[in-house]
Trainee: 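Before we start, here is the structure in question, set down as structure tokens.
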Amino acid sequence: MRISPAITQRLAKGVLILATISALGVLIFVIGFVLAGGFRHISWSFLTEPILDMGRGGGILPAIAGTILMVFVAIGIAAPLGIASSIYLAEYTEEGRVTQTIRFGINCLAGVPSIIFGLFGFILFVVILGFGWSIISGGFSLAAMILPTIIRTSEEALRSVPKNYRDVAASLGATRWQVVTRSVLPYALPGILTGVILGIGRSIEETAVVIFTAGSAVQMPKSLFDSARTMAVHFYILAREGISNENAYATAAILICTILIINVFAYSLMHRLMRGKS
Amino acid sequence: MKKIEIKNLNVSFDGFHALRNVSFDIPRNEILSIIGPANSGKSTILFCINRMIERIPNVKVEGDILLDDRNIHTIKDVEELRRRIGIVYATPIPLPMTIKENILFGPKLKKRLTAAKAGELVENSLKAAVLWDEVKERLDSSALRLSGGQQQRLCIARTLAVKPEVIMFDEPCSGLDPISTAKVEEAMKELKKDHTIVLVTNNTKQAARVGDRTAFLLMGELIEIDSTDKIFTAPSKQKTEEYVTGKFG
Amino acid sequence: MKKASAVLLAAAGLVVFGCSHPEHKTITLAGSTAFQPFAEKLAEHYMAAHKDVRINVQGGGSAVGIQSALSGSAEIGMADLLKLPDEAASLNSVTVARDGIGIVVNPKNSIVNLTKQQAHDIFAGKITNWKEIGGIDSPIRVISREEGSGTRRSFDKLVLGEDKLSASALFQNSNGTIREAVASDANAIGYVSIGLINERVKGVSYEGVAPNNDNVKKGIYPLARPVFFLTKASLNQQTQDFIAYVLSKEAQDILEKEGLIAVK
Amino acid sequence: MDKIISKLLFLAATSSTAILALIALFIFKEGVPIMAKSGLAHFLFGNEWRPLQGMFGIFPFIVGSLWITAGALILGVPLGVCCAVYLAEFSPKKWANILKPAIELLAGIPSVVYGFMGVMWLAPIIRTHLGGPGLSILAASCVLAIMILPTIVGVSIDAINAVPKSYKEGSLALGATEWQTVWRVILPAARSGILAGVILGMGRAVGETMAVIMISGNATIIPNNMLDSVRTLTANIAIEMGYAIGDHRQALFATGVVLFFFIMGLNMIALKFSRRKF
Amino acid sequence: MTNALTAKKLDLYYGDFHALKNVNLAIAPKKITALIGPSGCGKSTLLRVFNRMNELIAGVKITGEVKIFGRTMNKINLLELRKSVGMVFQRPNPFPLTIYDNVIYGLRIHGISKKDILDETAFTSLTSVGLWNDLKDRLKENALKLSGEQQQRLCIARLIALKSDILLMDEPCSALDPIATARIEELMQDLKENYTIVIVTHNMQQAARVSEECGFMLLGELVEFGNTDRIFTAPSDKRTEDYITGRYG
């Protein structure tokens with residue numbers, strides 16, 4: 001017996017919907033669980049006080065500061081480098097042996113596990129260059145880790161700008177750099193931003209790299225050469241060592257909120273940018 | 001007086017021979033129409049003349065093109081060449097910015113403009129493209145809100161703003177209604193007083209209406225070039241006659 | 001373009017800020033994760049009294065302690081080992097505290113005492129079910145520290161002697177995680193610093209002696225190892241001052257209060 | 001001027017490859033000697049990991065990584081692909097526009113949070129209902145399946161969207177149902193792209209560290225079934241790095257070398273798939 | 001004889017945009033009917049009404065009555081409708097499957113899986129589009145390796161395999177060169193023995209060459225419909241005359 005296509009269609013659709021719902025269910029469960037467990041313990045002082053008694057008491061201000069500084073360093077290096085790379089790949093060269101090699105490097109780097117970036121950062125920045133466990137070491141290592149993400153998304157964004165715009169600019173006598181800066185970059189900006197946001201997200205959530213390269217000092221960092229812990233590391237230590245489940249949940253809740261806010265902010269910003277362009 | 005001279009032009013993309021041994025002249029202050037069915041290489045000729053073809057990967061160009069008796073490949077500053085030879089594309093491509101910014105895009109690439117100079121330039125360019133009266137009230141609104149015909153004339157105005165000597169039109173009316181088409185054609189006739197004009201079109205009737213001379217291209221080969229009257233009334237090649245009477249294409 | 005240059009400027013500013021070396025004197029401690037929380041505590045007290053000094057405490061493990069002392073990336077390396085390895089021969093070592101190791105089980109477990117032989121057999125994988133030593137009929141889940149940990153080395157030496165750890169043992173990489181793992185699994189057995197035993201796990205007597213600091217001090221509870229501070233031969237003044245502080249009565253009292261055994 | 005810009009951009013573009021080379025250099029320099037010393041075959045296929053006794057056999061970890069990864073793929077791929085098909089082809093556009101970023105958000109939740117949730121929820125459930133230590137291959141696979149979901153969904157949606165609209169039109173115009181169109185034309189056409197996504201997800205699963213340490217129990221034996229505890233290559237590096245000296249430390253870097261080759265291999269396969277035209 | 005397709009008071013909106021305005025027409029069976037008009041006039045939209053492909057686009061609203069061989073279109077099962085009203089697209093769109101799988105795709109989705117029937121159909125359909133002799137040894141090759149013309153023939157073969165009654169062709173030759181175009185036009189002449197063909201083209205000459213009946217559309221209106229020869233020689237509407245004499249388009 002042949003099942004009629006219409007019924008097959010309905011069955012298949014049911015399965016697909018079920019799969020989508022369960023995937024979303026997991027998301028909602030994880031976020032909901034963490035937020036529900038964490039919000040009770042969040043207070044203004046939790047956000048603004050130093051870490052006391054290994055995290056059992058006080059707040060998480062140093063971890064917040066550490067996170068921000070480390071992300072800042074990582075993005076400050078990876079974004080310009082990554083965007084420049086993507087401009088080279090998308091606008092300045094033809095596909096060939098050179099781009100193949102470069103692309104191979106990017107793809108491989110994208111696949112390197114974070115623990116390897118941790119080892120690498122530890123050897124190069126912490127030991128050989130003598131930065132010690134520090135925000136600088138952590139930021140540099142994170143920058144290496146997020147570089148491929150930024151390159152890939154930016155390149156895609158550049159390529160999605162209609163070819164016509166380049167032709168028009170070139171036909172009006174724009175140099176290659178003018179074509180890029182005046183008629184490509186402005187329209188690729190939302191996409192590039194997405195890449196940067198992804199990079200920020202990955203830096204915020206990364207734990208292994210940070211533990212290996214930035215250490216886990218609880219004090220407020222006074223310079224970029226100080227060791228610091230990020231919120232993700234703080235959460236890991238609190239939860240793993242059973243130091244304080246309340247504070248662990250609270251930290252995780254703040255962490256997830258941060259990521260949510262960054263995403264929502266980025267999407268709305270992108271929407272605004274897009275609206276101006278079409 | 002010839003403005004542009006094309007000698008033995010051969011172009012191939014990835015092994016596809018797009019133009020074979022094409023040679024002809026483009027006279028000064030005239031409209032030359034290039035006609036032929038789709039994919040016969042009409043637009044490719046235009047891209048060779050302003051060297052936009054160099055932006056396409058894996059393309060091989062042989063032969064010489066002379067602009068005012070100077071080989072364009074000896075011109076170091078390719079941007080300068082493209083300023084001297086403007087192009088208007090088949091579909092209007094306004095950049096997603098205001099009307100004014102669109103017009104000033106080209107001039108601003110070269111130098112800064114005072115507000116007065118810029119205003120003057122915008123007005124003159126739009127007037128020459130027969131668009132001024134329709135948009136003078138809303139120069140600062142987005143160019144994307146204009147109708148198709150207005151967009152195309154805006155693109156002409158944008159090309160004019162860099163003061164080119166030659167203007168090439170690549171099927172400029174294929175998406176336009178009768179009235180807009182007539183306006184664009186009117187603008188072209190107006191422009192030939194000061195410019196040399198090359199018009200690529202697949203509308204043979206349009207070529208008959210506006211062209212002083214007409215070239216017929218078929219599958220990469222130049223079949224015939226002559227005065228427009230001659231091409232449409234007494235062509236010397238059978239293929240030309242078949243095409244202009246609609247036997248194929 | 002303006003935006004791009006603003007970003008560049010900001011980045012440049014960041015680098016300058018980063019390069020201006022801090023004016024306060026910094027001491028970095030790194031090493032033993034078991035001692036890290038205590039060191040942090042001492043640092044907190046010391047810095048409160050000496051505003052010009054900054055103490056950085058890093059974990060990493062005893063091996064990291066030895067290495068960072070050797071390489072100079074930390075002024076003080078912390079290690080909790082029965083015996084220092086040969087690599088550390090060139091370093092000055094000073095014992096700052098002693099730490100007992102308590103065998104812990106889940107509070108639901110009825111076992112209260114293990115003989116030396118029983119502990120040895122459980123951790124060596126020879127006894128695999130709780131009923132063999134009078135408990136309920138369920139498999140024993142041995143949880144140990146990872147290879148190289150100071151606590152692990154000391155424990156292996158003291159309990160297992162020359163024998164190997166059970167092949168099916170699970171591993172956790174800190175005292176806290178062992179405690180959490182044992183707290184959540186009714187069949188688990190592990191070992192942690194005595195100071196970390198709390199209501200979530202049950203400390204088991206060893207040869208009839210309860211795991212607490214008094215018994216360690218009296219010398220009747222044998223599972224304990226020293227904590228060393230390792231330094232290079234030449235020391236700067238602030239580091240010497242800090243070590244002196246750690247050995248002072250005040251600091252040693254703090255350690256006692258937190259669950260370690262003072263050396264003086 | 002344009003020449004200088006071009007050179008600078010080229011330099012930026014090579015940075016990824018340079019970083020990759022540096023990583024390889026450092027990891028290999030530290031790791032290769034011990035592999036030579038204990039013999040490559042012994043190192044790769046030895047069953048005993050007793051670094052203090054000089055026994056460096058990482059075979060159990062290779063097996064562990066493979067088990068966990070395979071489990072994650074078996075659970076995650078069908079779910080992810082179904083989700084992608086639904087969002088790309090069936091769901092109302094409005095939903096897709098909200099749900100796609102929502103699922104991408106899953107990627108932004110720190111892996112340690114997933115690990116912690118696994119320890120708190122999944123492990124006890126498995127321990128009480130299925131037996132074993134709870135901290136097991138099964139638990140780790142479940143957690144990783146959720147973690148690789150965003151990668152698989154994202155890449156698969158892109159692959160499906162990249163299938164020319166004309167195929168869909170052609171099929172529908174022949175009287176096919178939407179499901180028939182998806183099953184017979186779109187999925188085959190998007191196959192290579194989806195496979196590339198799966199391999200990327202696999203890379204993430206192999207490379208994940210912190211969540212796996214928390215949830216897999218880290219035993220050094222070769223597992224017999226899904227309920228046994230195992231240790232992965234990444235976990236081996238991360239948990240012992242702090243205590244490793246001399247040969248032991250080199251052996252951990254050597255584990256990194258193996259991991260590196262593993263990932264490179266996966267990437268090359270992914271590259272091959274993503275290059276292949278329909 | 002019942003008309004193959006009829007439309008009465010057909011209006012179509014894309015959101016706010018009124019794309020088809022009160023279209024009334026009747027298309028005779030076993031003839032070739034051409035729809036001409038400048039880009040954006042609604043001719044493709046009209047064509048897509050007949051197999052309900054417009055409904056894939058969000059925000060489409062259709063009013064009026066469409067009948068197929070006398071049956072009201074909306075009462076026919078959508079899948080059956082699309083089976084009997086086949087469509088050939090502007091760009092050849094064979095599936096990325098083997099040639100064989102492409103031809104018998106329609107049969108498979110409609111539940112036929114007997115190998116001998118499939119083989120038989122592959123043979124007859126490929127024969128009737130003139131591909132069998134060239135491709136009989138290459139049936140297992142990927143269809144995307146074929147030339148543009150072969151691909152377009154293959155797409156027609158797919159419909160013949162399904163025994164569609166009506167073939168809708170949406171600018172089927174616009175991606176082909178003149179020689180391939182001529183050959184597809186020839187094929188259409190062969191097919192009209194058994195099929196009703198509706199072709200949309202922006203190439204007036206093509207409409208004049210191949211069709212027996214012709215409709216001229218402008219800005220969503222069907223301006224004129226009738227015998228092709230008459231439309232091209234003695235159009236009754238001024239707008240039609242302007243278009244066919246090349247005033248615009």
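Residue numbers start from 1 in every chain, and the chains themselves are labelled A, B, ... in the order their sequence lines are given, proteins ahead of strands.
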Trainee: Is it the backbone or the side chain of B/Pro94 that comes under 4.5 Å from a heavy atom of chain A, or both, or neither?
Mentor: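 The backbone, not the side chain.
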Trainee: State, without any angle test, whether A/Ser114 and A/Glu206 hold a side-chain donor-acceptor pair at a distance under 3.5 Å.
Mentor: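 Result is yes, a qualifying pair exists.
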Trainee: Starting from the C-alpha separation in whole Å, work towards a yes-or-no answer on side-chain contact (heavy atoms from CB on, under 4.5 Å) for B/Leu32 and B/Thr196.
Mentor: CA-CA 8 Å; B/Leu32 171 76; B/Thr196 300; over 6 Å; no
Trainee: What part of B/Arg158 is in contact with chain A, defined as an atom under 4.5 angstrom from a non-hydrogen atom: side chain, backbone, both or neither?
Mentor: both
Trainee: Tell me, for A/Arg166 versus chain B, whether the close heavy atoms (under 4.5 Å) come from the side chain, the backbone, both or neither.
Mentor: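 Contact with chain B is through both the backbone and side chain of A/Arg166.
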Trainee: Check this for me: does any side-chain nitrogen of one of B/Arg55 and A/Asp167 sit under 4.0 Å from a carboxylate oxygen of the other?
Mentor: yes
Trainee: For the candidates A/Glu94, A/Arg176, A/Arg182, A/Glu95, which exhibits the highest count of non-hydrogen atom pairs separated by less than 4.5 Å from chain B?
Mentor: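 Most pairs with chain B among the choices: A/Arg182.
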Trainee: Is the CZ atom of A/Phe265 crowded by more than 12 outside heavy atoms at less than 6.0 Å?
Mentor: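 Counting neighbours around CZ of A/Phe265, 12 or fewer heavy atoms of other residues, nucleotides or ligands fall under 6.0 Å, so no.
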Trainee: Taking the six-membered ring for Trp, are A/Tyr165 and A/Tyr187 parallel (under 30°), tilted (30 to 60°) or perpendicular (over 60°)?
Mentor: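 Perpendicular.
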Trainee: Just so I understand: if I count every heavy-atom pair under 4.5 Å between each of B/Leu95, B/Ile87, B/Val162 and chain A, which residue has the most?
Mentor: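 Top count of heavy-atom pairs under 4.5 Å with chain A: B/Leu95.
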